[in-house]
Amino acid sequence: MLDLLEFCSSTFSLAVLDELPDMVRVIDESGRILYANAALRERFNETTGIKCDKMPGATMACGNCIAQRCIRNGRRYNTIAEVRGRIYSVSAGPVEFENNLYALEIYTDITKEQRLKEKLMANNSRMMKDLEIARSLQLSILRHTLPDIKGYQFAAEFLPCEALGGDMYDCFLARDGRIIMYIADVSGHGVMPAMLTVYLRQEMFAQCKTPHVSASQVLSNIQSSFEELNTEESIYITIFLAALDPQTGTFTCANAGHSVPPLIAGNGQVREIMLPGTPICRWAENARRDEYKASLKKGDRLFLYTDGLDGIHTQAPSDDLNMILKNEALNGKTLLAEIKKKFTQLRADDVTMLLCERDRD
């Protein structure tokens with residue numbers, strides 16, 4: 001087999017090495033440059049026969065020469081160096097010839113790749129910062145102090161998944177004395193859904209200032225407002241809204257495309273509120289939505305939630321959820337904690353729950 005220096009001494013071999021885009025040189029044990037290919041000679045005017053004390057094109061001596069380490073230890077070394085504004089991947093591998101070790105150095109220009117990597121890292125850093133800000137905004141708008149109304153208890157839980165989503169809830173006392181409760185989900189994950197939850201909270205609060213405005217009218221008004229945002233057509237919002245009269249226990253609901261029906265539990269029974277409705281979006285007409293009217297009797301519970309609960313669209317989990325809601329030993333936060341323990345192991349999506357309970361006495 002042809003040895004390295006014999007190979008380098010042949011006209012054909014020199015022609016091959018000179019065609020390489022990478023810069024190549026051979027250094028002996030004393031640090032003398034025995035060979036430099038055309039790429040190295042043309043780029044940095046590298047010459048042979050002189051002692052090497054720095055990388056090609058560098059102005060300062062190497063602090064820890066990988067070529068000498070390669071010869072001394074008989075193993076390959078790699079590093080990355082920047083010379084005259086260019087970034088190089090440098091490798092030095094040992095080559096044995098006539099019982100002597102030489103270092104074969106190869107310099108590969110990786111400037112383009114490194115600059116792209118730095119750009120991607122900077123963009124990723126900015127994106128992560130934007131996501132952190134959006135997450136903080138999303139969490140800050142959630143109402144942690146729920147209405148304190150005699151004869152009623154309210155509890156809520158928001159469990160975000162790793163990806164920034166668009167789940168939210170709210171429960172507040174309107175000017176006309178009704179309790180406004182809703183749960184919503186903005187499509188997608190990222191900054192846009194989180195920002196739209198901020199918009200939705202403000203818009204919902206503004207719409208509910210009108211005394212005795214119907215639930216369906218509120219959703220219709222939000223649809224009109226949403227259309228003015230000029231969002232992408234793929235973006236939509238689902239909302240289930242309930243307006244409760246605490247004096248009588250009667251409530252009126254309207255649905256804007258929410259996929260999981262709220263549940264009413266009481267007297268050992270659980271029933272679904274089946275109410276169709278189109279999402280808040282730009283690809284459907286702003287038609288008036290149907291309303292559902294019912295009464296929350298003493299001891300009843302109204303449970304609103306999003307579809308992030310594990311397997312909630314299948315029969316067995318639904319039965320388990322009903323059993324928890326019928327358990328009179330659980331209430332408020334303890335009831336939600338039991339649901340969380342049972343249905344939030346996978347956490348593939350945000351989980352949002354809102355509970356309204358009417359006292360027995």
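- Hydrophobic clustering, with ILVMFWY side chains joined whenever heavy atoms are under 4.5 angstrom apart, keeps I71 apart from V95.
- In this structure, L263 CG and L321 CG are separated by 5.5 Å, a value rounded to the nearest 0.5 Å.
- Side-chain N/O atoms of R282 and Y236 include no donor and acceptor closer than 3.5 Å.
- Around CD of Q269, the count of heavy atoms belonging to other residues, nucleotides or ligands within 6.0 Å does not exceed 12.
- Proximity of L275 to D290: side-chain heavy atoms (C-beta onward) are separated by under 4.5 Å at one or more points.
- Here the closest non-hydrogen pair linking I180 and C208 is CG2-SG, 3.8 Å.
- If you run side-chain contact (heavy atoms from CB on, under 4.5 Å) between M204 and each of D170, I222, N221, only I222 comes through.
- The minimum heavy-atom distance between P94 and R76, with the atom names listed, is CD-N, 3.8 Å.
- In the displayed structure, E232 atom CD is contacted under 6.0 Å by at most 12 heavy atoms of other residues, nucleotides or ligands.
- Across Y152 and P246, no two heavy atoms sit closer than the pair OH-O, 3.0 Å.
- Rounding to the nearest 0.5 angstrom, the gap separating the CE atom in M23 from the CD1 atom in I106 is 11.5 Å.
- Distance CG/L196 to CG/L229: 7.0 Å, rounded to 0.5 Å.
- Annotation: E227, atom CD; neighbour count of heavy atoms from other residues, nucleotides and ligands within 6.0 Å is above 12.
- Side chains of C356 and I179 form no contact here, defined as non-hydrogen atoms less than 4.5 Å apart.
- Contact record, D167 with T197: O-CG2, 4.2 Å, taken as the closest heavy-atom pair.
- When the side chains of ILVMFWY residues are joined at heavy-atom separations under 4.5 Å, either directly or via intervening members, F158 and V198 end up in a single hydrophobic cluster.
- Atom CG in L241 sits 9.0 Å away from atom CG in L304 (nearest 0.5 Å).
- Side-chain heavy atoms closer than 4.5 Å link hydrophobic residues (I, L, V, M, F, W, Y) into clusters, and following such links, possibly through other members, connects Y182 to I149.
- Distance CG/D320 to CG/L309: 11.5 Å, rounded to 0.5 Å.
- Counting heavy atoms from C-beta on, the side chains of R289 and T278 come closer than 4.5 Å.
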Under the criterion side chain to side chain contact (heavy atoms under 4.5 Å, CB included), I'd like the reasoning laid out for L325 against L335: C-alpha separation, chi angles, the key distance, then a yes or no.
CA-CA 7 Å; L325 290 172; L335 187 148; 3.9 Å; yes
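- Atom CG of residue N331 and atom CG of residue D359 lie 9.0 Å apart, to the nearest 0.5 angstrom.
- Residues F303 and L330 share a hydrophobic cluster, clusters being chains of Ile/Leu/Val/Met/Phe/Trp/Tyr side chains in contact below 4.5 Å.
- When side chains are defined from C-beta on, H258 counts as touching N255, because their heavy atoms get closer than 4.5 Å.
- Across L173 and P147, no two heavy atoms sit closer than the pair N-CG, 4.2 Å.
- Hydrophobic clustering (ILVMFWY, side-chain heavy atoms < 4.5 Å, transitive): I339 and V351 are in one cluster.
- Note on ring orientation: taking the six-membered ring where Trp is involved, the planes of F44 and Y88 are perpendicular (angle over 60°, cut-offs 30° and 60°).
- Side chain of D28 to backbone of R32: a donor-acceptor contact under 3.5 angstrom is found.
- No side-chain heavy atom of L40 sits less than 4.5 Å from a side-chain heavy atom of V24.
- If you check the side chains of Q207 and E203, you find a donor sitting under 3.5 Å from an acceptor.
- Enclosure of atom NZ in K297 is not indicated, since only 12 or fewer non-hydrogen atoms of other residues, nucleotides or ligands lie within 6.0 angstrom.
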Candidate pair Y77 and N73, rule side-chain hydrogen bond (donor to acceptor under 3.5 Å, both in side chains), full reasoning
CA-CA 10 Å; Y77 288 90; N73 300 321; 2.8 Å; yes
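- E291 and S216 are linked by a side-chain donor-acceptor pair at a separation below 3.5 angstrom, with hydrogens and angles left out of the test.
- Judged purely by atom type and a 3.5 angstrom limit, N37 uses its side chain to pair as donor or acceptor with the backbone of L17.
- Between the side chain of K333 and the backbone N or O of A156 there is at least one donor-acceptor pair closer than 3.5 Å.
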Between L302 and I273, does the side chain to side chain contact (heavy atoms under 4.5 Å, CB included) criterion hold? Intermediate values first, please.
CA-CA 10 Å; L302 175 61; I273 301 178; 3.9 Å; yes
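- A distance-only check finds no donor-acceptor pair linking the side chain of T210 to the backbone of V213 [under 3.5 Å].
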Stepwise, does the side-chain hydrogen bond (donor to acceptor under 3.5 Å, both in side chains) test hold for D185 with T306?
CA-CA 7 Å; D185 187 2; T306 56; 5.9 Å; no
For a side chain to side chain contact (heavy atoms under 4.5 Å, CB included) check, start with the C-alpha distance between V270 and I264, then their side-chain angles and the critical distance, and finish with the verdict.
CA-CA 6 Å; V270 176; I264 300 176; over 6 Å; no
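- Without hydrogens or angle criteria, E357 side chain to G332 main chain gives a donor-acceptor distance under 3.5 Å.
- Within the 3.5 Å criterion, the main-chain N or O of I87 finds a donor-acceptor partner in the side chain of T111.
- Between S295 and F251, the closest side-chain pair of non-hydrogen atoms is not below 4.5 Å.
- Within the 4.5 Å cutoff, the side chain of Y107 has no heavy atoms near those of the D22 side chain.
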Let's go through F226 and I237 carefully: what are the C-alpha distance in whole Å and the side-chain angles of both, what is the deciding distance for side chain to side chain contact (heavy atoms under 4.5 Å, CB included) to 0.1 Å, and is it a yes or a no?
CA-CA 9 Å; F226 179 80; I237 306 173; 4.0 Å; yes
E82 and R115: CA distance, side-chain angles, deciding distance, salt bridge (charged side-chain N to carboxylate O under 4.0 Å, His left out) verdict:
CA-CA 12 Å; E82 183 169 356; R115 298 295 185 231; 3.7 Å; yes
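- No side-chain heavy atom of M60 sits less than 4.5 Å from a side-chain heavy atom of D53.
- In this structure, D300 does not pair ionically with R358, as no charged nitrogen and carboxylate oxygen lie closer than 4.0 Å.
- Residues F172 and F205 bring their aromatic ring centres within 6.0 Å.
- Among all heavy-atom pairs drawn from C70 and A103, the shortest one is SG-CB, 4.1 Å.
- Electrostatic pairing of R41 and E46 does not count as a salt bridge here, judged by no charged N lying under 4.0 Å from a carboxylate O.
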